[in-house]
Number of protein chains: 2
Amino acid sequence: MRADAQRNRDRIVEVARTVFRAQGYDASLDLIAKQAGVGAGTLYRHFPSRDDLIDAVMQSWVDGVNETAEKALAREGGPRDVLLGWFEDYVRLISVHKGGPAKITCAMGDDGSPIRTKCEVLRSAGDRVLDRLRAEGAVREDVSALQVARLVGGVATVADQGELDVAAVRPMLEVVADGLLAPGG
Amino acid sequence: MRADAQRNRDRIVEVARTVFRAQGYDASLDLIAKQAGVGAGTLYRHFPSRDDLIDAVMQSWVDGVNETAEKALAREGGPRDVLLGWFEDYVRLISVHKGGPAKITCAMGDDGSPIRTKCEVLRSAGDRVLDRLRAEGAVREDVSALQVARLVGGVATVADQGELDVAAVRPMLEVVADGLLAPGG
DNA sequence: TGCTAAACGGAGACAGTCTCCGTATCGTTC
DNA sequence: GAACGATACGGAGACTGTCTCCGTTTAGCA
């Protein structure tokens, strides 16, 4: 890639990050282009669709995910605490940007999504946490990690769109956690 | 209201119902106006915001909700079956239109929402089901009916946006049900 | 220094939202 | 049944956002 192209691309992503954070993922792309000091054509050449831009914005964020999963695994306490801790972190992670929970949860399991790679990181992090708990026999076997991600993602989506605070989210996560710890069937 | 105004209003709602069902709640309002044979001004006078129109479209649908709750209460079987039956019906009810789950779940608990009245019907139906199960001591007390509605609504939202089928939704609802039946705390 | 492939950028086509205001219609009153 | 005021209509058009096309510019190589 030519040096000027790289420069422009970087600037677009940087501007998009701030704008998305402030206005959500449906902010005007032309505005982002203008703020980045490039033409609309340049933005669309680098990022043919909105999702492609979102994917780029999320790149740095991904690193935090794995770190968080490690933290969850290292947590003291019983399975319920580990699970709840991870759920809360997970919700926080995917809620960094407004509209994020819906975007991510929706893309999860959709192999054609432009943000697929980001979802995989999240999923494999979730897998690690669940696998450990399953190894301890603490969590029911008949629910896949993908379904857990969707459940918790659903809670996060509702919280995000309804602008609920942490206190309102916690009890819902408890229900999900208890449902997973219960024998089920 | 003048007779011609009433006629136009009715036609707009009828057209909107079909268009929303086919294209989702973000269909073009100008198109709906055109199909109803009225000017854009007429549509916007009757329904200042999109949500006002959605509210009107949902009116007939509300009647089905109470009926469904009665059905759930009359269901044979233990608390788990009653709960799961209601959850599945609930998801089906709010998923009649594409985008419905997010719209409804989001408005739930928001007193200023134009579709507030519709949500209340749903909530009171859910309350009746939960109250009966609580009276039997089958369901934990520390989770409100609103939170249950949000949990199940979250599942429905994810299913709607990710176009999941019933088979994928069922296990998630089971987790929620088991979480509610579990002692918790 | 000159050349060419690569990249730029912004005008403009298109689509959707929403308002404004001149025009038409209803229904009431005499 | 004619006249009138309140009510409602409708569509042009201002505005905003998306996305493309193509003439112009520039980086990087020889």
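No hydrogens, no waters, no symmetry mates; every other heavy atom, side chains included, goes into these values. So you know, we letter chains A, B, ... as the sequences are listed, proteins then strands, and number each from 1.
- Residue A:Asn8 contributes atom CG, which lies 17 Å from atom P of D:dT25 at whole-angstrom precision.
- Pairs passing the side-chain hydrogen bond (donor to acceptor under 3.5 Å, both in side chains) check and including a residue from residues 22-40 of chain B, sequence neighbours excluded, read B:Tyr25-B:His97.
- For B:Ser28 and C:dA15, the shortest distance from a side-chain N or O to OP1 or OP2 is not below 4.0 Å.
- Contacts between residues 12-26 of chain A and DNA chain D, counted as heavy-atom distances below 4.0 Å, involve no residue at all.
- Protein atom CD1 of A:Ile32 is 12 Å distant from nucleotide atom C1' of D:dG17, rounded to whole Å.
- Under 4.0 Å is where a charged nitrogen must lie from a carboxylate oxygen, and between A:Lys103 and A:Asp51 at least one such pair does.
- Salt-bridge formation is detected for the pair A:Asp55/A:Lys118: a Lys NZ or Arg NE/NH1/NH2 atom is positioned less than 4.0 Å from an Asp or Glu carboxylate oxygen.
- B:Ala36 comes within 4.0 angstrom of nothing in the nucleic acid, heavy atoms only.
- The residues A:Arg132 and A:Glu136 are annotated as salt-bridged, a charged nitrogen and a carboxylate oxygen being separated by less than 4.0 angstrom.
- Nearest-nucleotide mapping onto DNA chain C: of B:Leu31 and A:Gly39, the residue sitting toward the 5' end is A:Gly39.
- Between the side chains of A:Ser49 and A:Asp52, at least one donor N or O sits under 3.5 Å from an acceptor N or O.
- The distance between atom CD of B:Gln6 and atom P of D:dT7, rounded to the nearest whole Å, is 16 Å.
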- [ ] Scan nucleotides 18-30 of chain C nucleotide by nucleotide, 5' to 3', and note B when protein non-hydrogen atoms come under 4.0 Å of the base, S if they reach only the sugar-phosphate, - if neither.
- [x] BBB----BSS---
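- As a whole-Å value, the separation of A:Leu43 CG from C:dA7 P is 15 Å.
- Considering A:Thr117, A:Asp111, A:Ile115 in turn, A:Ile115 is the only one that fulfils the side-chain contact (heavy atoms from CB on, under 4.5 Å) rule with A:Ser113.
- Five base pairs at each end of the helix from C:dT1-D:dA30 to C:dC30-D:dG1 define two local axes, and these are offset by 10° (rounded to 10°).
- Here the C1' atom of nucleotide C:dA11 and the NZ atom of A:Lys34 are 12 Å apart, to the nearest Å.
- One can place CZ of A:Phe47 at 16 Å from C1' of D:dC19, the figure rounded to the nearest angstrom.
- Among residues two or more places apart in sequence or in another chain, the salt bridge (charged side-chain N to carboxylate O under 4.0 Å, His left out) test is passed with B:Arg11 by none.
- Between A:Arg170 and A:Glu174 a salt bridge is recorded (basic side-chain N to carboxylate O distance below 4.0 Å).
- Under the 4.0 Å criterion applied to side-chain N and carboxylate O atoms, B:Asp178 and B:Arg80 are assigned as salt-bridge partners.
- B:Arg50 contributes a side-chain N or O that, together with a main-chain N or O of B:Ala27, makes up a donor-acceptor pair within less than 3.5 Å.
- Rounded to an integer number of Å, the gap from A:His46 NE2 to C:dA6 P is 14 Å.
- Per the geometry, CD1 belonging to B:Ile54 stands 11 Å off P belonging to C:dT17, to the nearest Å.
- Residue pairs meeting the side-chain hydrogen bond (donor to acceptor under 3.5 Å, both in side chains) criterion with at least one partner in residues 143-153 of chain B, sequence neighbours excluded, are B:Ser144-B:Gln147.
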